[in-house]
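Quick one: this structure, given as structure tokens, is what I'll be asking you about.
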Amino acid sequence: QVQLVESGGGLVQAGGSLRLSCAASGRRFSTYNMAWFRQAPGMEREFVAAITWDGVRTTYADSVKGRFTISRDNAKSTVNLQMNSLESEDTAVYYCATRGGTVWEVMPKRMTYWGKGTLVTVSS
């Protein structure tokens with residue numbers, strides 16, 4: 001069992017930056033692959049970025065590649081999403097999630113644990 005709590009959302013102007021954090025409870029965080037997803041109003045939840053349990057491998061949605069960076073600190077049980085050059089299309093609720101193991105998954109339906117999300121609003 002793992003509980004996830006996101007923070008760091010807010011209102012930012014286009015071109016600006018935000019850093020999201022996800023704090024995890026549970027002793028096995030360091031053995032879990034982690035991912036960020038987002039959901040804009042009226043849209044389906046979509047994959048944003050993922051990172052392996054050891055931080056060696058990362059992958060990104062094409063829409064954020066080169067602008068967003070996912071990272072993790074296993075000692076602090078946190079996973080972060082640095083978002084630069086934000087665009088109005090990035091406006092969404094951002095969720096931290098995990099399937100709870102080392103299987104590499106990026107589909108929302110494959111995730112087992114979810115945080116409640118943090119709202120990011122980018123004004124143009």
Query raised in the report: Can you check whether G15's main-chain N or O pairs, donor with acceptor, with S85's side chain at less than 3.5 Å?
Result: no
Query - Under 3.5 Å: donor-acceptor pair, side chain of E6, backbone of T118 - result: no
Query - Any pair counted as ring-ring contact (aromatic ring centres under 6.0 Å, His included), so long as it reaches residues 94-124, sequence neighbours left out - result: F37-W114
**Report entry** Within residues 14-110 or reaching into it, pairs that qualify as disulfide bond (SG atoms under 2.5 Å apart) - sequence neighbours excluded
**Finding:** C22-C96
Report task. May I ask you to say whether R72 pairs ionically with D54, meaning some side-chain N is under 4.0 Å from a carboxylate O? Result -> no
Report summary line: Interatomic distance, OG1@T31 vs CG@N74, rounded to 0.5 Å, equals 9.0 Å
Query raised in the report: When L20 is tested against each of I70, V48, L81 for side-chain contact (heavy atoms from CB on, under 4.5 Å), which residue passes?
Result: L81
Query raised in the report: Is I51 reachable from Y60 through a run of hydrophobic residues whose side-chain heavy atoms are each under 4.5 Å from the next?
Result: yes
Report task. Heavy atoms only: give me the nearest S123-L11 pair and the separation to one decimal. Result -> CB-CD1, 4.3 Å
Query raised in the report: How far does CZ of F29 sit from CH2 of W53, to the nearest 0.5 angstrom?
Result: 12.5 Å
Query raised in the report: Taking side chain as C-beta onward, heavy atoms only, is V93 less than 4.5 Å from K116?
Result: no
**Report entry** CZ-CE distance between R45 and M111, expressed to the nearest 0.5 angstrom
**Finding:** 11.5 Å
Query raised in the report: From R99 CZ over to M107 CE, what is the distance, rounded to the nearest 0.5 angstrom?
Result: 12.0 Å
Requested in this report: Could you tell me whether a side-chain N or O of N33 sits under 3.5 Å from a main-chain N or O of T102, the two making a donor and an acceptor?
Outcome: yes
Report task. Not counting sequence neighbours, list each pair that qualifies as a salt bridge (Lys or Arg N to Asp or Glu O under 4.0 Å) and has a residue in residues 9-31. Result -> none
Query raised in the report: Under 3.5 Å, is there a donor-acceptor pair between the side chain of T59 and the main chain of A50?
Result: no
**Report entry** Joint cluster assignment, L86 & F47, ILVMFWY side-chain distance < 4.5 Å
**Finding:** no
Query raised in the report: In Å, rounded to the nearest 0.5 Å, how long is the span from OG1 of T69 to CG of N84?
Result: 6.5 Å
Requested in this report: Would you sort out whether N80 and S21 count as a side chain to side chain donor-acceptor pair (under 3.5 Å), showing the intermediate values?
Outcome: CA-CA 4 Å; N80 305 301; S21 290; 2.8 Å; yes
Query raised in the report: If you measure from OG1 on T78 to CG on L4, what distance do you get to the nearest 0.5 Å?
Result: 11.5 Å
Requested in this report: Following the transitive rule for hydrophobic clusters with a side-chain heavy-atom cut-off under 4.5 Å over Ile, Leu, Val, Met, Phe, Trp and Tyr, establish whether V79 and V120 coincide in one cluster.
Outcome: yes
**Report entry** Chi angles and distances behind the side-chain contact (heavy atoms from CB on, under 4.5 Å) call for T98, V2
**Finding:** CA-CA 9 Å; T98 181; V2 60; 3.9 Å; yes
Query raised in the report: Does a salt bridge link E46 with R38, judged by any charged N lying under 4.0 Å from a carboxylate O?
Result: yes
Report summary line: Heavy-atom nearest pair, S88 first then S124, reads CB-CB, 4.4 Å
Requested in this report: Keeping the roles fixed (side chain from R67, backbone from S63), state whether a donor-acceptor pair exists under 3.5 Å.
Outcome: yes
Query raised in the report: Can you check side-chain contact (heavy atoms from CB on, under 4.5 Å) on F68 and D90, steps first, answer last?
Result: CA-CA 11 Å; F68 290 11; D90 296 317; 3.9 Å; yes
